[in-house]
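When reading the values below, keep in mind they use all heavy atoms of this one structure, side chains included, and skip hydrogens, waters and symmetry mates. Throughout, protein chains are lettered first and strands after them, A, B, ... in sequence-line order, and every chain is numbered starting at 1. In this text the structure is predicted, and so the values were computed from the model without any measurement.
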Amino acid sequence: MEYYRWTQWIFLRLFERGLAFQAKTPVNWCPTLGTVLANEEIIDGRSERGNHPVVRQPLRQWQLRITAYADRLADELEGLDWPETRQKQRDWIGKSEGAEVDFPLVNRSDSLRCFTTRPDTLFGATYMVIAPDHPLMSSICTVERADQVKAYAAAAARKSDLERTALGKEKTGVFTGAYATNPLTLSPIPVYTADYVLGAYGTGAIMAVPAHDERDFEFARKFELPIVEVVSPDGQLHEQLTEAFVSDGIAVRSGDFDGMPSAEMRVAIVERLEAKGIGVSKVNYRLRDWVFSRQRYWGEPIPIYFPVKAQGNPQEGGDFEIDYTHPIAVDDADLPLRLPELDDYLPGDPQGPLVKALKWRFFQRDGQWFARETNTMPQWAGSCWYYLRYLDPTNSSQLVSERAYDDWMPVDLYIGGGEHAVLHLLYARFWHKVLYDIGVVKHKEPFSKLIHQGTILGMAFRWYAVVGPEGQILRAIDGDDARVVKGDADGLLRLSDTGEVVEARWVLEGDVALRDGQPTHQELGVRLVGVAEKMSKSRGNVVNPDAIVEEFGADSLRLYEMFMGPLEQSKPWQTSAIQGVRRFLDRVHGLAMRDLSSEAMSDETARLVHRTIRKVGEDIEALHLNTAISSMMILSNHLVSIKSPPREAVERLVLCLSPFAPHIAEEIWSSLGYSASIAQLSWPEYDLRLCEDALVEMAVQVNGKVRGRVTIAKDAETKAVETAALADAGVQRFIGERSVKKTIYVPGKILNIIIE
RNA sequence: GCCGAAGUGGCGGAACUGGCAGACGCGGCGGACUCAAAAUCCGUUGUUCGCAAGGACUUGUGGGUUCGAUUCCCACCUUCGGCACCA
């Protein structure tokens, strides 16, 4: 509650600055969840959570004006140490520069404004398209067309995104009966409506230039509209275009602009339009404002209330009418605004379940009734700024103290799943920037370095079952049989030679037999192919970490997860492989229990110890945790082989291991006789001189192939190396009688002798 | 379709800045211990030709640059992730 007090506090700052506002807009209403979802939370027309259908429906909603920050959100990504996610966010924001152009409507005094990124193709605009939900729609369409247009618009509204995409890209649309004038050619052009134009983007209307836009080209073909080339690749005129030419070129059929290159013309045209007052240069974003209200109980209450006209006492069921046009902020001093107790907090009502809390919802002040907002905030709200509150969680007077902020911020390394690449990470950056603007934080960006950890996949082994018409298994074939192909029409797998239908079948790691080194089906004897996929119940390849901890221990699980491979990579879980890290931990433990020598380390051991310290330290910095562990394994293998391992070496190994396997390291440390925690110690130092060898074993190549090796001083002179190399029997054998043409010597690396 | 990432042994993976491909681990094989098994320990393990010494081949495919390419360049194939009528 102390936490969401500050979430509400931030909301009020957003509200004061006009960044939180109400709008009655078509939203993505999910009847099953009883709530509204952001575009980002919908995948193929279904909810990301639970996969329920979603419909478009107008509803009063709170929105956050993230679009006001679009430019900064895109530009300030520059300089962050982030992976590909930077580009993903830029794509999501989708900045596009162009112009808005007015097309006067024929027989009317007003015009239709459209957005285009290609003002240079304006002379080729042969028709216009407006979105089915365009506000001017009902007024511009002619009487005789009205029914058809209305039917089309209604059908488009019903279509979910899923249906729109499932129907392929076949263009549909109807003529509205209206005409507009191309402001440069002055010819009248028809105005169509089609759902390939989106009401929510740009102005909801486009000028269609079929010669230079693939979608317009397709539409023009279908409706037999004129296609006029105005940009030519070579400056020549072409009559019949077989496809849209979308690249830049040379202007043709464009009056006094003829001959101008596209880039230049874009500027010139906008200047002309601006001079005439019929156009303006304009930047648009794909990013939409963020629908921030949810119709659920479990969310921070939105600290806003509204005046009410009431007949009687609305707390006791009296009639009331809420004036949503006058939102009033709750005083900061009255925060947090808590959730009321509710018997039934299931969602369903489009205003949210809080409408049922009459005592909470309505209150009276100076004889006037007011009603609280019954929508609540989404889950994202709290996660937008938790990294700040973590620094100073008990502070009751400030969101975060300056001292705590300076001690910790910005976040040096943020490790999070790739699924948050555009949702959470964009929202959090937006809030951070607002907090920056009001002086709560001092950095423009919260997270300096970002890493997405890879998903751990479940491993399953495939074979193919040849199935008969009733689904019975006729016989089994190898999981890598090349004859298995996917049918184009039905998507079923078939054998390319016999045409029989086959199905992929799966067995788990534990049921795989090995024959001649090949994974094989225990009973059927067919070859299996290991396939790593996202863990899912249906495939049965889910691994429960609790069971792993139970069997191998928490340190083994940690260590194995780090040892599997690069942090950022998706990698398959192999329960058999965790045995390896468990063995390693057991060996280190066993090592420490042995009779340790207190004598100085041998030169060989000392070198390995110092090298390991360096390697592990560097690998931790670079987050190469797998190779850090492997170098500790090398050291432990070495120490195990010594009759009486030096105590000094073992202690340093345990110290290196402690961040990776803290529990067992602590345990070993205490059995080595120390009472203080190993976690309190600082990282061991290494001696650089011991990390480098004076002598190196160097490969000698003859014509690029390794034929021998010599042990020689690291920085030996070319002459000395050549002499040593030529003395090597293996090298001599390959040179024989032939003469040496040239030698290439890279000190410490290689000597390559080129012969005739 | 567009954008991004990645293809290395039976498997997970390693290889600094173009310099000995396969570290480390799993699995396999052989051995020790054991009545036996498990656990543990030792040896071995890319493919292939060869009795052997030794040779040839090998980092998705095909080209290129280079004395030398897993690494750089071009084209293609495959897999994974994201976006998908954004004018």
message: Within the 4.5 Å heavy-atom criterion, are A:Ile451 and A:Glu568 side-chain neighbours or not?
response: yes
query: If you measure only the distance, is there a donor-acceptor pair under 3.5 Å linking the side chains of A:Tyr152 and A:Thr176?
result: no
message: At less than 4.0 Å, is any side-chain N or O atom of A:Arg286 found next to OP1 or OP2 of B:A84? Yes or no.
response: yes
field: Under 3.5 Å donor-acceptor pair, A:Lys749 side-chain atoms to B:C16 base atoms
entry: yes
- prompt: Syn versus anti for B:G81, judged by chi lying within 90° of 0?
  reply: anti
- prompt: Contact class for A:Arg707 vs. all strands (heavy atom < 4.0 Å): base, sugar-phosphate, or nothing?
  reply: sugar-phosphate
task: Ignoring hydrogens and angles, tell me if any N or O in the side chain of A:His610 forms a donor-acceptor pair with the backbone of A:Tyr686 under 3.5 Å.
output: no
field: Integer-rounded Å distance: B:C11 C1' and A:Gln574 CD
entry: 5 Å
message: Of the listed nucleotides (B:G19, B:U40, B:G55), which one gets closest to any side-chain atom of A:Arg733?
response: B:G55
For nucleotides 66-73 of chain B, list the nitrogen or oxygen atoms of the protein found under 3.5 Å from its nitrogen or oxygen atoms, one pair per line.
residue	atom	partner	partner atom	Å
B:C67	O2	A:Asn752	ND2	2.6

query: Rounding to the closest angstrom, what is the interatomic distance between B:G27 and B:G12 at atom C1'?
result: 11 Å
- prompt: Using the P atom in both, what is the distance from B:G25 to B:C35, to the nearest Å?
  reply: 31 Å
statement: Per side-chain contact (heavy atoms from CB on, under 4.5 Å), A:Leu639 is matched among A:Leu653, A:Leu608, A:Ile634 by A:Leu653
message: For a quick test of reading the model: is some side-chain N or O of A:Asn626 closer than 4.0 Å to OP1 or OP2 of B:G12?
response: no
- prompt: Is the phosphate of B:A87, meaning OP1 or OP2, less than 4.0 Å from a side-chain N or O of A:Tyr196?
  reply: no
- prompt: Which of parallel (below 30°), tilted (30 to 60°) and perpendicular (above 60°) describes A:Phe219 and A:Tyr192?
  reply: perpendicular
query: Just checking A:Val706: base, sugar-phosphate only, or nothing, at a heavy-atom cut-off of under 4.0 Å?
result: sugar-phosphate
message: With no hydrogens and no angle check, just 3.5 Å: does a side-chain donor-acceptor pair link A:Thr67 and A:Asp289?
response: yes
- line: In whole angstroms, the gap separating C1' of B:G28 from CD of A:Gln579 amounts to 16 Å
